[in-house]
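Residue numbers begin at 1 in each chain, while the letters A, B, ... track the order of the sequences.
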Amino acid sequence: MLQHKQSFDTFVNTQLNPQQKIAVTAKDGSFLVIAGAGSGKTRVITARITNLILNHQVQPSSIIALTFTNKAAQEMQHRIAQFLPDLRIKPTIATFHAYCLKLLKKNAYLQNAAQFSVIDAADAQKLLQSIIKEKGLEKLFNAKQLLSFFSTFKMNDVLKLDAPAWNMHHAQQFTELYNAYEQQKKLSNYLDFDDLLYNTFELFTKNPEFATQHLKNHRHLLVDEYQDTNLIQHALLKQMTLQNKKLTIDSVCAVGDEDQSIYSWRGANVANILEFATEFAGTKKIKLEQNYRSTQQILNVANSVIKHNVNRNHKELWSDNPKKHEPLLLECLSDLQEASLIAQLINLCKEAKSSIAILYRTHYQSRIIEEALIKASIAYKMIGGISFYERKEIKDLLAYLRLTLNPHDRISFFRIINCPARGLGEKFEETFVNLWNQNPFSTWQEVAKMLLEQKQLAQKQATSLEQFLTFFDVAKKEKDQKKVCEILNHFIKQTNYLTYLTDHFEKIEAEEKRENIAEFLRAAAYFDENNQGGLSQFLDEISLMQDLIKQDDSATERVNMMTLHSAKGLEFNIVILVGLEEGLLPSNQSIGQENVEEERRLFYVGITRAREKLLISYSKYRNVFGKLDEQRPSRFLREIPASAVLHQEAAHWSKTSFATFFQEWITGEKNATTQKISIVSTTPETTSTFSTNIKRLQSVKHATFGLGIAHQVEQKGDKIVVTVHFTHHGTKKIESSFLQVV
DNA sequence: TGAGCTGGTTTTTTT
DNA sequence: AACCAGCTCA
Ligand SMILES: Nc1ncnc2c1ncn2[C@@H]1O[C@H](COP(=O)(O)OP(=O)(O)OP(=O)(O)O)[C@@H](O)[C@H]1O
């Protein structure tokens, strides 16, 4: 500890600027750090936590740091572990949601809701969709949109804000659906993501004694990325720290940057950060100006873009970083070329793979890049997208587990009653729902027995249902003593789940699913070895988890792939921003909603993730919904002065020429080992173009079909057939002699 | 009931 | 291209 203290004190004295030092070393009071990207806000938070522990003897357990995304929480834990590697009791570093989940679980008795589970977005959508359908309103409402309306509606309701104008056409049906959705969640004992925050808020409001008792242990609170808190989170923070406008804890410290506010669509409110100082009287405001992350050239690009936002306070990032490297703006012919160029660039990089990130606006863009990386044998790590616990096979098995513990869980019940198929389909479901609705507080077993007693089921169905019941008889009896992995195995065997996979999915897909299940079993076994709490603890622990924690994860160096949203708060030596095109960034929807400023902030966040090298790319053509569309470069690119980037067109390059070019860009030197590289990078695949000069991804012209891109060149007999994606005429196979290279 | 077919739709972003 | 809701047929 002492050794850590000494090195930390040196750190404070040499690695923090005077402003940061104030925010780090002051013990009590309220602090607000407003500063641009890469100016050391997160460093303030992590150093502040460490300083409280090492120099003020604060109990780590009384420190709470809240973040917005899981990734940000992980990053912060990681940074603190660097200062305090062998801290036994760790400060709480969690997302708002995780913090609330833990609080509610721990104090479930106060809510007379013992075993609630968290419903994820997909299930919530499914549930709402089924309600909409039941009421015959599918023409009027879209479940996904409606859920986000519900979210706003509930926020106004709970916080008793002025009701927004619900000038929607079908207000009555809206309310009806809302109530039905809330009721269904209640019956099944589910909370959705928003509920985690609301229920905590209401628990604090309605039970002040509990609040006081619980909050007594919180002495220091820190919030990262405050610009992205929504009203309920803001309200929660105030509950946790203020009473009669006076601080009830020792310190509160919020950091943020209005230019990085990118979550307005989920209710984030920049006003929260602007009002912080008024709400917390005596707040010490700290401004950080210098950027320590990026080269000045990268910051120039960032500054030139963000200054086009009208709604902001002027701020200019600067750095005295002596390193220099010119950002590259790359125009590609197609999304395919973009992906393969990136893969090849990465292969030329000497850098550790984990210090490279590929960032995109939407998840679906990752797919084509992923394929290119696989082809180039580059290890990668994808963050977000469909997580492990969102996979069908895992959710199915989880439903079996949940149903053992919570016999009121309708969502799980209907998920698995006919999966694997056992002849209890739609009709059966309907009968079952009706009976259940007549006896809403019965367990599914009670309803099932009632149904069997009515003797109206076909013999086959009755047998099926009886069998289904027995799966759970066995499981339930010993659920607490039994190991999770045994219960899991029990269900897999009883339901013949593996056979179901083989029968109902393509070979490769079934194999993948089986592997996931094996992985899941391993995770369960690992849990059993390290915990006593059995199934209920297991389910609680994974309720907000996204991915399995794999041991070999840090062993191999991997390129990072993630959306711009999940990249917030992170940094990488090399950042590759792809798809800078109208409709992608800014997204089509944002253009329609006139919310382009948020997209610009998103771009700004992306640019400012880079420490040394920045590559921005866009394509002229892109596959959208299965057909090739012409794309226009993003409007944001026009905001970057020509002198700030090296603008390079790659459309007509041959593979060897960009190897040379990339090598020069990476090293920052002209005519590096040009020759050697071109030999290395000439792969047989590209040279095998038979006797035509048409290559993959080359643009070609046809007399009647016009312009297009060659996607495949094959020899058929003595002819060469080229698969061309035409700009206006779809995909066609054309003999090469009818095509002209352009 | 469940498999297979058809035709319409799809893609923001996270907890 | 991939997915789903809705339909038909065994
Ligand atoms: N005073 C300092 N001296 C040198 N390096 C610093 C200093 N403060 C921060 N850094 C470094 O600068 C980089 C950016 O810091 P940090 O991640 O804390 O910034 P941030 O303000 O949280 O950025 P963002 O808002 O973009 O997430 C980090 O690599 C950090 O280690």
Atom [atom1] of [X] and atom [atom2] of [N]: how far apart are they, to the nearest Å?
{"X": "A/D195", "N": "B/dT14", "atom1": "CG", "atom2": "P", "result": "21 Å"}
{"X": "A/L465", "N": "B/dT1", "atom1": "CG", "atom2": "P", "result": "13 Å"}
{"X": "A/F505", "N": "C/dA2", "atom1": "CZ", "atom2": "C1'", "result": "15 Å"}

Nucleotide nearest [X] (side chain, heavy atoms from C-beta), chosen from [options]:
{"X": "A/T362", "options": "B/dT11, B/dT13, B/dT15", "answer": "B/dT13"}
{"X": "A/K427", "options": "B/dT1, B/dT13, B/dG2", "answer": "B/dT1"}
{"X": "A/L544", "options": "B/dT15, B/dT12, B/dT14", "answer": "B/dT15"}

field: Face-to-face stacking of A/F625 with B/dT11, centres under 5.5 angstrom, angle under 30°
entry: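 No, aromatic ring not over the base.
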- prompt: After noting the C-alpha distance and the side-chain angles of A/H565 and A/Y263, does the key distance pass the side-chain hydrogen bond (donor to acceptor under 3.5 Å, both in side chains) rule?
  reply: CA-CA 8 Å; A/H565 280 91; A/Y263 282 99; 5.4 Å; no
Phosphate OP1/OP2 of [N] contacted by [X] side-chain N/O (<4.0 Å):
{"X": "A/N70", "N": "B/dT14", "value": "no"}
{"X": "A/K133", "N": "C/dG6", "value": "yes"}
{"X": "A/Q589", "N": "B/dT11", "value": "no"}
{"X": "A/S566", "N": "B/dT14", "value": "yes"}

field: Between B/dT14 and C/dC3 - C1' atom distance, rounded Å
entry: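 One C1' to the other, the span is 23 Å.
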message: Check whether A/F414 forms a cation-pi arrangement with A/R410 (NZ or CZ under 6.0 Å from the six-membered ring centre, at most 45° off the ring normal).
response: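 The answer is no, since A/R410 fails at least one limit relative to A/F414.
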- request: Report which part of the nucleic acid A/S590 touches: base, sugar-phosphate, or nothing (heavy-atom distance under 4.0 Å, all strands).
  value: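 Touches nothing.
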- prompt: For A/E581, which of A/Q631, A/K620, A/R361 qualifies under side-chain hydrogen bond (donor to acceptor under 3.5 Å, both in side chains)?
  reply: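 The single option meeting the side-chain hydrogen bond (donor to acceptor under 3.5 Å, both in side chains) with A/E581 is A/Q631.
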- prompt: Does A/R367 come within less than 4.0 Å of A/E370, counting only side-chain N to carboxylate O?
  reply: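 No, this pair does not count.
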